[in-house]
Amino acid sequence: MTGVALRVQSSPMGPYMSLMRQMSRKQKLDVVAYLIDTIQDDDSSAELQTKTQREVPESFKKLRGLVSFTEEEIAKDERLAYIMGR
């Protein structure tokens, strides 16, 4: 067995090795795509945690409070509701 196979066998993934031997190439590629996606999600969440909060330029701060929406307007427009975080 290769070193990688031995590491996988001793990991929580070990019990699935025999199952994976029975899978088709397409099914294995689907599993790999899923694993890559979860790794990217972990990386992006870690990246978000390490980023510092960006400073808002004074020109943008002046715009605060100039626009307001009623709850009814937000309820009617799903894009607006998404932007407003509701």
Side-chain angles (χ1 to χ4, degrees):
M1 252 187 217
T2 66
V4 173
L6 289 172
R7 281 187 300 202
V8 171
Q9 191 175 26
S10 64
S11 75
M13 187 71 178
Y16 298 101
M17 287 183 71
S18 63
L19 176 65
M20 297 221 21
R21 285 187 197 107
Q22 299 169 9
M23 293 170 65
S24 70
R25 178 178 170 81
K26 166 115 175 60
Q27 291 169 328
K28 289 177 184 177
L29 289 172
D30 290 341
V31 170
V32 170
Y34 170 75
L35 292 173
I36 290 171
D37 187 49
T38 60
I39 290 169
Q40 289 173 343
D41 287 347
D42 291 345
D43 289 346
S44 63
S45 64
E47 184 180 307
L48 287 176
Q49 291 174 356
T50 59
K51 282 188 177 179
T52 58
Q53 190 172 4
R54 290 176 48 185
E55 183 63 32
V56 178
E58 288 299 321
S59 58
F60 285 163
K61 289 181 181 178
K62 292 177 185 177
L63 299 174
R64 289 182 182 165
L66 293 179
V67 177
S68 62
F69 300 99
T70 65
E71 291 296 324
E72 184 178 291
E73 290 173 315
I74 295 171
K76 285 181 182 177
D77 188 346
E78 66 183 43
R79 293 173 295 175
L80 182 58
Y82 176 80
I83 293 168
M84 298 299 287
R86 298 184 184 159

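Source: prediction; values computed, not measured.
- At a threshold of 4.5 Å between side-chain heavy atoms, the hydrophobic network of Ile, Leu, Val, Met, Phe, Trp and Tyr places Met17 and Tyr34 in one connected group.
- In terms of heavy-atom proximity, Lys28 sits nearest to Met23 at CE-O, 3.5 Å.
- Legend: residues meeting side-chain hydrogen bond (donor to acceptor under 3.5 Å, both in side chains) with Asp30, ordered by chain and number and at least two apart, are Lys26.
- Among residues two or more places apart in sequence or in another chain, the salt bridge (Lys or Arg N to Asp or Glu O under 4.0 Å) test is passed with Arg25 by none.
- Residues satisfying the side chain to side chain contact (heavy atoms under 4.5 Å, CB included) criterion with Glu72, sequence neighbours excluded, are Thr70, Lys76.
- With sequence neighbours left out, Ser24 forms a side-chain hydrogen bond (donor to acceptor under 3.5 Å, both in side chains) with Gln27.
- Note: the hydrophobic cluster containing Tyr16 also contains Val31 (ILVMFWY, side chain heavy atoms under 4.5 Å, direct or indirect links).
- With sequence neighbours excluded, the residues that form a side chain to side chain contact (heavy atoms under 4.5 Å, CB included) with Ile36 are Val32, Gln40.
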